[in-house]
Amino acid sequence: MSSIDQSLSKTSAITECGIKTDTSLKEICLFLSEYSAWLLGSGATSIRLEKNVRRMAESMGCHAEMTILPRHIHMTVFLPDHSDSYTYIIATHPMPLNYDINTQLSRLSWSMADDHLTLKETQEKFEKIIKTPPANKYLVLFLASCANAAFCRLFTGDWAAVGVVFLSTLIGFYLRQVMTAHKVDVRLVFIICAFISSILASTATLFSFGHTPDIAVGTSVLYLVPGIPFLNSFSDLLNGHYICAFGRFVHAVVLTCCLSLGLCGGMLLMNLSMF
Amino acid sequence: MLPVIRALRGNVVDELKYVLAMLLQVLQDALFAAIAAIGFAAISNPPKKAYLLCAIIAAAGHSARYLLMNSSLFEIHIVAASAIAAFIVGTLAVILSPYGKMPAETCLFPSLLPMIPGIYAYKAFGGLMMCLSHGTETEFDHYFYLFASNGLTCLFILLSMVIGGTLPIFFFKNISFQATR
């Protein structure tokens, strides 16, 4: 009985979207590709991406399968009886991590499945979501500096070290924001920011502020550590998406190397040693 | 009899002092972890509701790790302690995230950020650089050891954190993938 119900609801969904013509299968595929490019770019794990896309495809009466490559998504949308299919390859959208967009896109996939939105309505909502402005950049700057200062305290730095770390993060992170806005290569940004932050933090050693100047230097660059790419990569690894996991891991390692390069340079210049 | 009682009382007082000092340390750890979580979460643009949740979850997780590693009761290695703490973080994130209609990762990953082994990561790279600039065998061995030990510790902490943190998502699959419904 339930299977008949299901098949009935599926056919009604099919007629609602008019999926039986070629163009709409193409439209669905293009939309789902765009959706996944944004979801992956905003920092979603691959298991969530797969689940969301499948949910949306099924609500429109078709199936979707995809391969997630480091910089591209290969999407195929097909009818349940395999009578027709459409394939598209899209480059992932390069953008800073944005969990706000990630959350809203996940909500969109559920509201499409539960409220039976048509493709057009969903697309309109999608266009609105991707225009969500990022958080106020001065607020982020302040919070990130506080966070790094708190981190210094967690690593048993004294209050002098905390103050130095706060200032060096404030300046380093501001530089990062300015350079990112000018579309400077992210690796170069990491090297320069780590270099400047570590030099500023090593003034604690230079003028002997407090008793833990070495902790100040060590924690001054921690705001650059790509934590979420590392976590995402290991999460993909556990889900068996090895290529995507490897791609994200290499990206995170490259960024960590850049930050260490900047830090080593700064310490060398200030005649400090890391160990 | 009297000296024994006195000694016992002294012991109890010492114990109490130790527990109080530990509690203070743990609370301080929780507070700074919460500040760190809010700030590092801000970098990844979370929805506004997530800030408070991240702060609470991260405070619980980080202070749990501190307790596991430093109290004389446990004294667990950092890798195992991170896994247990991440499991606590993951469970809290899965339970709390539906209240904000957010995917569990939105709360989970920013809350894990204060536990990321950043210092191990760049020390590993620093060790590698030093390997190249020091020619003799003993010096090379020393720096290669620093590279390998820091790098491996970093990798295993990350792995244990992610396993610990994502296990609850799979245990409570129904909650975690329908949170945004």
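Because the structure is predicted, anything quoted here is derived from the model rather than measured.
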Please check if the number of heavy atoms outside [X] that lie under 6.0 Å from its [atom1] is greater than 12.
X       : atom1 : result
N271(A) : CG    : no
F156(B) : CZ    : no
L269(A) : CG    : yes
K125(A) : NZ    : no
F144(B) : CZ    : no
Y120(B) : OH    : no
Y51(B)  : OH    : yes
Y18(B)  : OH    : yes

* To do: State, with a plain yes or no, whether a side-chain heavy atom of Y66(B) is found less than 4.5 Å away from one of L154(A).
  => no
* **Side-chain heavy atoms of I43(B) within contact of L97(A), under 4.5 Å** => no
* **Candidate pair F249(A) and L155(B), rule side-chain contact (heavy atoms from CB on, under 4.5 Å), full reasoning** => CA-CA 11 Å; F249(A) 183 71; L155(B) 274 186; 3.8 Å; yes
With a 4.5 angstrom heavy-atom cut-off, which part of [X] approaches chain A: side chain, backbone, both or neither?
X       : answer
Y143(B) : side chain
T166(B) : side chain
I119(B) : both
I163(B) : both

Chain B contact via [X] - which portion, at a heavy-atom distance below 4.5 Å:
X       : answer
S145(A) : neither
C264(A) : side chain
N239(A) : side chain
P96(A)  : neither
F155(A) : side chain
V221(A) : side chain
N98(A)  : both
T45(A)  : both
T256(A) : side chain

Looking at [options], which makes the most heavy-atom pairs under 4.5 Å with chain B?
options                            : value
V225(A), V140(A), T132(A)          : V140(A)
A135(A), G218(A), A149(A)          : G218(A)
N102(A), L237(A), L259(A), N232(A) : N232(A)

Let me confirm one number: the [atom1]-[atom2] distance from [X] to [Y], rounded to the nearest 0.5 Å.
X       : Y       : atom1 : atom2 : result
F40(B)  : C146(A) : CZ    : SG    : 11.0 Å
T106(B) : Q104(A) : OG1   : CD    : 10.5 Å
I169(B) : S235(A) : CD1   : OG    : 7.0 Å
I116(B) : L222(A) : CD1   : CG    : 10.5 Å
L113(B) : L231(A) : CG    : CG    : 6.5 Å
K123(B) : L263(A) : NZ    : CG    : 10.5 Å

For residues [X] and [Y], report the shortest heavy-atom separation together with the two atoms involved.
X       : Y       : value
Y99(A)  : E105(B) : CE2-O, 4.0 Å
P103(B) : S106(A) : CG-OG, 3.8 Å
A36(B)  : A150(A) : N-CB, 4.1 Å

If we define contacts as heavy-atom pairs under 4.5 Å, which of [options] has the most with chain A?
options                           : answer
P47(B), A50(B), P46(B)            : P47(B)
A42(B), P114(B), S44(B), A121(B)  : S44(B)
M130(B), M129(B), M115(B), H62(B) : H62(B)

Just by distance, do the side chain of [X] and the backbone of [Y] share a donor-acceptor pair under 3.5 Å?
X       : Y       : value
R107(A) : K101(B) : yes
Y122(B) : L261(A) : no
N45(B)  : D100(A) : no

